[in-house]
Amino acid sequence: AAAGMICYNGGMELATEQSLETPGRHRFNREEYYQLGDAGVFQEEFRNKHVELIQGDILDRDAPGDPPPRVRFSREQYYQMADAGLFLDRRVELIDGEIIDTSPQRDTHTAATLLVQEALQRALPNFLVRTQMPLSLEKSEPEPDISVVTGKARDYVGTGHPRSAL
C-alpha cells in the first residue's frame, strides 16, 4: 500500500482526520475501522464482501454504484460497536443504518428539554415521557429530545427500548 493507505479485507483506506466534535455522519478513522474488524462487526453480513475505508466512510465495494454505497449498520452491529468501546465518551446515534455524531448540549437546550418534559408529564399522566432515550426502530436507534410512549418505565426492563412513540 502507498503512504497514507492501509488494507483490510483487500480494501484500502485513504487516511483522513475529522474532529469528533462535528455533528453529522460519523467519519471513521483507521483505528476505529480495525476495531470494528476485531469486534466481529464485519464477520457475518460482510464475510464475503469487499469493504473499504475511504475518506472516513466504510464503503461496500461489491454493491453497484460509482462511488460505491456506504455500509449501513444494523442495530446489532451498533451494539457490537458500543460493546467494543468504540463510542466511549461520545454522543452518537444510529439513524437509518448510519452512525451519527451528535452535538454537545448547551444549557438552553437542556432547560428547554426539561421544561417540555415536565409539561408533557403533567398533560399526559398515563404515558411515559422520556428524554434523550433510545427508541428501537428497524434500522435506527435515535435518541430524540422528547418521546412519549405507552406504559411505565418497568415495562421496558428486559424487553428492549420502546419500538414506537406517540
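The backbone N or O of T102 sits nowhere less than 3.5 Å from a side-chain atom of E93 that would complete a donor-acceptor pair. Formation of a donor-acceptor pair under 3.5 Å by the R75 side chain with backbone atoms of L137 is found in this model. Between the side chain of Q77 and the backbone N or O of V41, at least one donor-acceptor pair lies under 3.5 Å. No donor-acceptor distance shorter than 3.5 angstrom exists from the side chain of E98 to the backbone of I95, with no hydrogens or angles considered.
The side-chain heavy atoms of Q80 and L36, taken from C-beta on, include no pair separated by under 4.5 Å. Counting heavy atoms from C-beta on, the side chains of L59 and V71 never come closer than 4.5 Å. For the pair V51/R61, no side-chain contact is recorded, criterion being any heavy-atom separation below 4.5 Å from C-beta on. R27 has its side chain within reach of D57: a pair of non-hydrogen atoms, C-beta onward, lies under 4.5 Å apart.
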Exercise for review: Evaluate side-chain contact (heavy atoms from CB on, under 4.5 Å) for D96 paired with R72, printing each intermediate quantity in order.
Suggested key: CA-CA 7 Å; D96 194 28; R72 303 259 183 198; 3.7 Å; yes

Exercise for review: Show your working on side-chain contact (heavy atoms from CB on, under 4.5 Å) between R70 and R25 and close with a plain yes or no.
Suggested key: CA-CA 11 Å; R70 288 185 303 277; R25 193 176 72 242; 3.3 Å; yes

Practice item. Given side-chain contact (heavy atoms from CB on, under 4.5 Å), test L166 with V149 step by step and report yes or no. Key: CA-CA 6 Å; L166 303 178; V149 300; over 6 Å; no

Exercise for review: Applying salt bridge (charged side-chain N to carboxylate O under 4.0 Å, His left out), run through R90 and E32 and close with a yes or a no.
Suggested key: CA-CA 13 Å; R90 298 197 350 239; E32 291 170 331; 3.1 Å; yes

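Put simply, OG on S74 and CD on E138 are 11.0 Å apart, with the number rounded to the nearest 0.5 Å. L94 CG to S140 OG: the interatomic distance, rounded to the nearest 0.5 Å, is 5.5 Å. L53 CG to Q55 CD: the interatomic distance, rounded to the nearest 0.5 Å, is 9.5 Å. Note: E76 CD to D83 CG = 12.0 Å, rounded to the nearest 0.5 Å. To the nearest 0.5 angstrom, R154 atom CZ is 13.0 Å from T159 atom OG1. Summarising the geometry, atom CZ belonging to F28 is positioned 10.5 Å from atom CD belonging to Q35; distances are rounded to the nearest 0.5 Å.
In the displayed structure, K139 atom NZ is contacted under 6.0 Å by at most 12 heavy atoms of other residues, nucleotides or ligands.
Side-chain polar atoms of H26 and D101 form a donor-acceptor pair below 3.5 angstrom. Counted by atom type alone, E141 and S136 present one or more donor-acceptor pairs between their side chains at under 3.5 Å.
By the ring pair (Phe, Tyr, Trp, His ring centres under 6.0 Å) test, F87 is found to be paired with Y78, residues two or more places apart in sequence or in another chain being considered.
The two residues D145 and T113 come nearest to each other via the heavy atoms O-CG2, 3.6 Å. Contact detail for V92 and E143: the closest heavy-atom pair is O-OE2, 4.1 Å. When every heavy atom of P69 is checked against every heavy atom of P64, the shortest pair comes out as CD-O, 3.6 Å. Shown here for D60 and P68, the closest heavy-atom pair between the two residues is O-CB, 3.3 Å.
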Identify every side-chain donor-acceptor pair in residues 120-131 under 3.5 Å, counting partners at least two apart or on other chains, and give the distances.
{"unit_1": "Q121", "atom_1": "OE1", "unit_2": "V129", "atom_2": "N", "d": "3.4"}
{"unit_1": "Q121", "atom_1": "NE2", "unit_2": "F127", "atom_2": "O", "d": "3.1"}
{"unit_1": "R130", "atom_1": "NH2", "unit_2": "P134", "atom_2": "O", "d": "2.6"}

